[in-house]
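Chain letters run A, B, ... following the sequence lines, proteins first, then strands; residues in each count from 1. The analysis underlying the following values was restricted to heavy atoms, covering all of them including side chains, and did not include hydrogens, waters or symmetry mates.
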Protein chains: 2
Amino acid sequence: MAKRASKSPSSILEVATLAQVSTATVSRVLSGRRTKDDDIARRVRRAAADLDYSVNYAASALRSDVTNTIGLVIPSATDSFSAGLLDELEPTIDGGSRQLLLGIGADEAMQTDRIDALCSRKVDGLIAVTSAGADLSTVFDKYADEIPIVQVGGRQRSFRTNMVSIDENTAMEAIIRHLAGQGVRSVAYLAGKEVSFESAELFAMFHTQVRAAGLATDSDWNRFGDSTVQRGFDCTIRLFGERGHPDAIVCADDTIAFGVMMALHALGMNVPEDIKVVGYNDSPIAAASLPTMTSVRPPYHRIVEETLRLIEAGPGHPSHVSLPPELIVRASSTKR
Amino acid sequence: MAKRASKSPSSILEVATLAQVSTATVSRVLSGRRTKDDDIARRVRRAAADLDYSVNYAASALRSDVTNTIGLVIPSATDSFSAGLLDELEPTIDGGSRQLLLGIGADEAMQTDRIDALCSRKVDGLIAVTSAGADLSTVFDKYADEIPIVQVGGRQRSFRTNMVSIDENTAMEAIIRHLAGQGVRSVAYLAGKEVSFESAELFAMFHTQVRAAGLATDSDWNRFGDSTVQRGFDCTIRLFGERGHPDAIVCADDTIAFGVMMALHALGMNVPEDIKVVGYNDSPIAAASLPTMTSVRPPYHRIVEETLRLIEAGPGHPSHVSLPPELIVRASSTKR
DNA sequence: GTGAAAGCGCTAACAT
DNA sequence: ATGTTAGCGCTTTCAC
């Protein structure tokens, strides 16, 4: 590349000259490492503003080993959780002078690759949303005592990194309690993928909460499967071919719930009058469905808050934070 | 922050020592600025691999003014176009040694702020998806001759920057031609927001294409409005209270088309047998609806290709590329 | 084609 | 508290 075409940006030396102080003082004032707000400080700030000065991050990073960047790795931008997190995270990070470096990796190999790339850039902190089934403990451990790492959601694999996750148990409790409050007596659960540990765990929580609330369920109603519209549709059609049916269907994902609602419509059942439906993840289709769908929303704001707190804390003090999600009550589960 | 806890990463000097050459040669070999692949080159690469060496980007950037980063500004990660672009862009950029710096700004002020931040980081190129109604020409012009800037989609405001956009006319032509091929004789159009220039333009294209294909339409059928499910639903209900109805409904957005399909279902009409429906944007709901929805998909791959090509070209040669989108034909518009 | 050496802009260490 | 100075790791002249 040719040298910057127009005027090169002003350097700290020019600011120092204009403010009649040393470059060290300018650095100290502008980075807030100097306490007082006296005449000198004002002169420096004034000069910096006049010259439209902004630090050269490359030089700053080279000297101080602080890059003012945070790395984020996600499985895909179209993943609704990652997108929600991103929208909440970016403004919070960028409020200061930090910037977000993004890496996208659909599987374990790609995610590992991206984490290597981000760490070789010496990001000040790394946030990772692991893709389904990926085990990043090896690469996490590799950098764990150099930079703070926070895994958001998923299953914890490395015990040398921080973890911010969603308290699914509280979510399930909120769902069941809400349904009981709406007069529901019996409830079915359409779980996620059979092989997944998380699905099994959620399924167990469902049973616990149903029992605790004094509701009924039936093992024939509850099935594992893919998180697709088709699967929700098929399961529902099958459900209504059997002897009895529940007052409510709880689904492990909004897409399943969506298929459920389409099937109920086809069967001539009204939601929520005849049967109530609850989804999970609060994806865009939850608000776009007809009727609008009750769903569980990850507490993005608190997730970001905790994640950044753990990054400030620096490497070496791994801790685990579990946050209760928010139940977004909409038309599909409300008695009228 | 304390000095790196563990072993500090190896420097170019160590590589040079091990390979028994000067640091200059190492730099040249590793950056590909040296032609031959002789013994020296091999020795250097070998030494670099052995020491697990990777360049210090801060030092490299400080010296050469090349940061190996690309800045991207989008209105929101939950915007389906931005997410689709991101998923296609990241692997392409990251294939080399470049990294993606992301900025999110919902409105003109925020986007301007993010662009300033990215440019003060001296990104090697800037890609922007402007939020609806935002005019970024001022900030674009400010940096236009320092770094290459590419605006993706939206309305062109600055004539000093590159533009990669979607050829909506071709899209409309493809839709109408497809419908005509499915035996459709008359067609309605549910347009986007009334105030928008883009909506008006698309509406005009619709009329042109309908006429060219020898199809019929009716001014009472065609309405402007919000891109929401409710709006599609309401417009459809109203449509069928009138004297005649079309064989097909084309919508300016998938969410509108979705509402249309729900209304048709409620009216006892079958899609696609009785009436065909086409959406726009190929958002997740298009593939998730029942029947699956024919929609228009932005050509992400080509968009990224052209965008990066324009960035390689450097600043100062603004050009405009218009790319034909892809019509994704699904069940909602296919005769059976 | 290769090596020696300068220096990018900044901050940390040290001296005052 | 402020100034002086060295040097972070790299790329790029410049000389050979």
Inset, instruction - Return yes if the base of D:dG9 and the side-chain atoms of A:Arg63 contain a donor-acceptor N/O pair under 3.5 Å, otherwise no. - result: no
Legend entry - Residue A:Ser60, side-chain heavy atoms: nucleotide from C:dG3, D:dT2, C:dC10 that is nearest: C:dC10
Legend entry - Residue met sooner reading DNA chain D from 5', once A:Gln20 and B:Thr25 are mapped to nucleotides: A:Gln20
Legend entry - Heavy-atom side-chain proximity of B:Met110 to B:Pro75 below 4.5 angstrom: no
Legend entry - Ion pair check, B:Arg309 and B:Glu312, cut-off under 4.0 Å: no
Inset, instruction - Under 4.0 Å between any heavy atoms, over every strand shown, what does A:Tyr57 touch: base, sugar-phosphate, or nothing? Just pick one. - result: nothing
Inset, instruction - Grab the OH-P distance between B:Tyr53 and D:dG9 for me, whole Å please. - result: 10 Å
Inset, instruction - Using a cut-off of strictly less than 4.0 Å, decide whether B:Ser64 has a side-chain nitrogen or oxygen near OP1 or OP2 of D:dT11. - result: no
Inset, instruction - Take the protein atom CZ of A:Arg33 and the nucleotide atom P of C:dT11, then report the distance between them rounded to whole Å. - result: 7 Å
Inset, instruction - For A:Lys36 and for A:Ala24, find the nucleotide of DNA chain D with the closest heavy atom, then tell me which residue's nucleotide is more 5'. - result: A:Lys36
Inset, instruction - Just compare D:dT2, C:dC10, D:dG3 and give me whichever is closest to any side-chain atom of A:Asn56. - result: C:dC10
Legend entry - Separation of C:dT11 C1' from A:Arg28 CZ (nearest whole Å): 9 Å
Legend entry - Atom-pair distance (NZ on A:Lys122; P on C:dC10), nearest Å: 20 Å
Legend entry - Nucleotide C:dG9, atom C1' - distance to CZ of B:Arg121 in whole Å: 15 Å
Legend entry - Nearest-angstrom distance from the residue atom CG of B:Leu13 to P of D:dT11: 13 Å
Inset, instruction - For A:Asp167 and A:Leu323, indicate whether the former's side chain and the latter's backbone hold a donor-acceptor pair under 3.5 Å. - result: no
Inset, instruction - Specify the separation, in whole Å, of atom CD of B:Glu14 and atom C1' of D:dC10. - result: 14 Å
Inset, instruction - Pick base, sugar-phosphate or nothing for B:Arg34, based on heavy-atom distances below 4.0 Å to the nucleic acid. - result: sugar-phosphate
Inset, instruction - State whether B:Ser27 places a side-chain N or O below 4.0 Å from either non-bridging phosphate oxygen (OP1 or OP2) of D:dC10. - result: no
Inset, instruction - Name the residue closer to the 5' end of DNA chain C, choosing between B:Ile40 and B:Leu62 according to the nucleotide with the nearest heavy atom. - result: B:Ile40
Inset, instruction - Look at A:Ser22 and D:dG3 and indicate whether a side-chain polar atom (N or O) is within less than 4.0 Å of OP1 or OP2. - result: yes
Legend entry - Nucleotide of C:dT11, D:dG9, C:dG9 approaching A:Ser11 most closely (side-chain heavy atoms): C:dG9
Legend entry - Salt bridge flag under 4.0 Å for residues A:Asp135 and A:Arg155: no
Legend entry - Value in whole Å for how far the C1' atom of D:dC8 lies from CD1 of A:Ile12: 15 Å
Legend entry - Sub-4.5 Å side-chain heavy-atom contact between A:Thr161 and A:Leu126: no
